[in-house]
Amino acid sequence: MRDAIGRAVRRAIASGALPGPEDAVALDALIQGIEVEVPASSDHGDYASNVAMKSSKLLKRAPAQIAAAIVAELAAETGERIHGGDGALGPIASADVAGPGFLNVRLRAGLLADLLDAMIAAPSAWGHLTHDAKEKPLRVNVEFVSANPTGPLTVGNARGAFVGDLLSRVLEAAGQEVTREYYFNDFGEQVRRLGESVIALRDGAAVAEDGYKGDYVAELATAIPPEVATRASAARASGTTNADEDEVAVIGKWASERIRLGIEASLAALGVEFDVWRSEGSLYTEGFVDRAIEKLRAAGWLEERDGALWFKSTAFGDDKDRVIKKSTGAYTYFGSDIGYVEEKFGRGFDHLVYVWGADHHGTVARVRNAGEALGYAKEHMEMLLVAWVRFVRDGVEMSMSKRAGTFVTLDELLGEIGVDSARWFFASRSASTAIDFDIKAATARNSENPVYYAQYAHARMKSILRKGEAEGMKASESIGDLLNDEAAPDAKLARVIVRLPEVVEDAAAHHETQGVTTYATELATAFSAFYRDAKVVDASAAKLSSQRLRLVAAAATSLAAALRLLGISAPAEM
RNA sequence: GCGCCCGUAGCUCAGUGGAUAGAGCGUUAGGUUGCGGACCUAAAGGUCGUGGGUUCGAGUCCCGCCGGGCGCACCA
């Protein structure tokens, strides 16, 4: 639709109906940015655009005049294909000018039927945007969770896990090639502290003040396999002072890998699976950090000061310069981050997304600055900051202290509320908003919880299809004339069904999934209204029944596709 | 003090500079002989924190203020 209007604008200018602008670049930007929306009231047509008002200044004509010229061109438009469909789709039925210059467009009734038929012909592709085959898909790296494996994931990690996975799914649906990546620290202070804590408990000693004290540490202490214990005692006997080889290192490394496997299992239970697990240590052993530093040094972005190595981040607008290598000779996390940027782009990604907790916002500027200094464009390094979640039960905030041992693990939470509920909850809220998660409301298996509303509608659609089958009815081969009456319940439902591709496009463009949950709810609501007003399985009206069975099948396909996009199950029965 | 995020209905939250600001829950009043009542219809409920500005048009963009969250290390 956007394209159709854009072409109409260009043709109107080419034909002299509208004056050409002096600024061709501005015209391109205008056409690129044409906004098309589904009006709140159907009196305003199926689609509306404000392009005439937007372009008024640039084209030096009154909005109404511009809109009229576009309408004339649209009337001539034929063979328009929208929604990325392959079929030969019909033209726009009518377009008119309203109010201060809104362009209101109505689709030919047959178009809706064509769209539905095309969709049913390829149900598995529904909700996935098609692309020009010549166009190479964007390669995107989405790094998320990335919690260090020194303890099980807690509910605090839940939002990042879902947000990252949901974003990945939406980008994939939009035709991008996504790599899901988990970055973790398998060496250094935290892992040593973990090793020390496990050793202390193994030996019946007290855990140090800054050590890890959760129950899982005690379990680790009793689960050290013989092979690891042998290596540990050998390391101790050798009396080595090498922090990479001593007993603490051996035990710490084993414990953290074991925890990491537990994390992997927890995430898999949420339907979150990673393509790449990248350890921080490997960035050093494989030389990425050194190479990145040499690259920065050669470009003049480094400076020795007070015995430490600094990156001149202020040259890129940061508040202060940042240390890469401390005067002790040890690298900072920032050093790893720099090596990692180099490593990721080296793998050929076009775009990097980091899903970080809101507490990381202080590091956004420095990492992007370093990326720019390494020669990569800032706009290809995107940090998605995920806001805090307060977990609330009966109106009381649950305390979440690792030190006090009162934290709730992700496994516990999901055991209580279910993956579908949790996914819906996070998908329906924007990542940047701090939210309250009411565990009681999320647990309720009733109308308080919108995810069940959508799933219920799907189960009922499937139930109708089963009933039709049981009565020997078959869905018709095409939707036929079922949708000719625009005011009938059938056409109303169909208009909602076909909107999914636009919803996916918007979600991918904005990196937000709320639109998908809204769509699922709207489709479920539209189906409820249809269900109330139209009888599907009716032995006395065979043709109508078979057409409606086809319509219901299309509704089920679209609702299931929307839910699948969110990683939520679409049950046939509940 | 500086920076980032946020403030929308009683509650939890949507809202792409556009037409009458929406949804779910909660409240109130109704509905089902027909395929799943985990349902449907309707009503009440809003100075979009606040004061300016930009714009033909601002919940949306800009500035100030108020309130909340999170950061401001040669920590990890």
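Protein chains get the first letters and strands the later ones, always in sequence-line order, with residue 1 at the start of each. Everything numeric in this text was worked out from a predicted model, so none of it was measured.
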Cation-pi check, A:R429 onto A:F425 ring (under 6.0 Å, within 45° of axis): yes
To the nearest Å, how far apart are A:Y453 OH and B:rA14 P? 20 Å
Students often get this wrong, so: under 4.0 angstrom with heavy atoms, is A:R548 touching a base, only sugar-phosphate, or nothing? nothing
Interatomic distance, A:M383 CE vs B:rC4 C1' [rounded to whole Å]: 14 Å
Report yes if at least one side-chain N or O of A:K326 is closer than 4.0 Å to OP1 or OP2 of B:rA73; otherwise report no. no
Planes under 30° and centres closer than 5.5 Å, is that true for A:F102 with the base of B:rA19? yes
Starting from C1' on B:rC72, measure out to CG on A:L385 and report it in whole angstrom. 15 Å
Under 6.0 Å from the six-membered ring centre of A:Y340 and within 45° of its axis: does the NZ or CZ of A:R278 meet both? no
Can a donor-acceptor pair be found, under 3.5 Å and without considering hydrogens, that links the side chain of A:R322 to the backbone of A:A370? no
Let me know the distance between OH of A:Y456 and P of B:rC35, rounded to the nearest Å. 10 Å
RNA chain B base-pair string [pairs: Watson-Crick or G-U under 3.5 Å; |: paired with another strand]: (((((((..((((....[...)))).(((((.......))))).....(((((..]....))))))))))))....
Atom-to-atom span, CZ of A:R322 to C1' of B:rC75 - whole angstrom: 13 Å
Between the base of B:rC74 and the side chain of A:S327, is there a donor-acceptor distance below 3.5 Å? yes
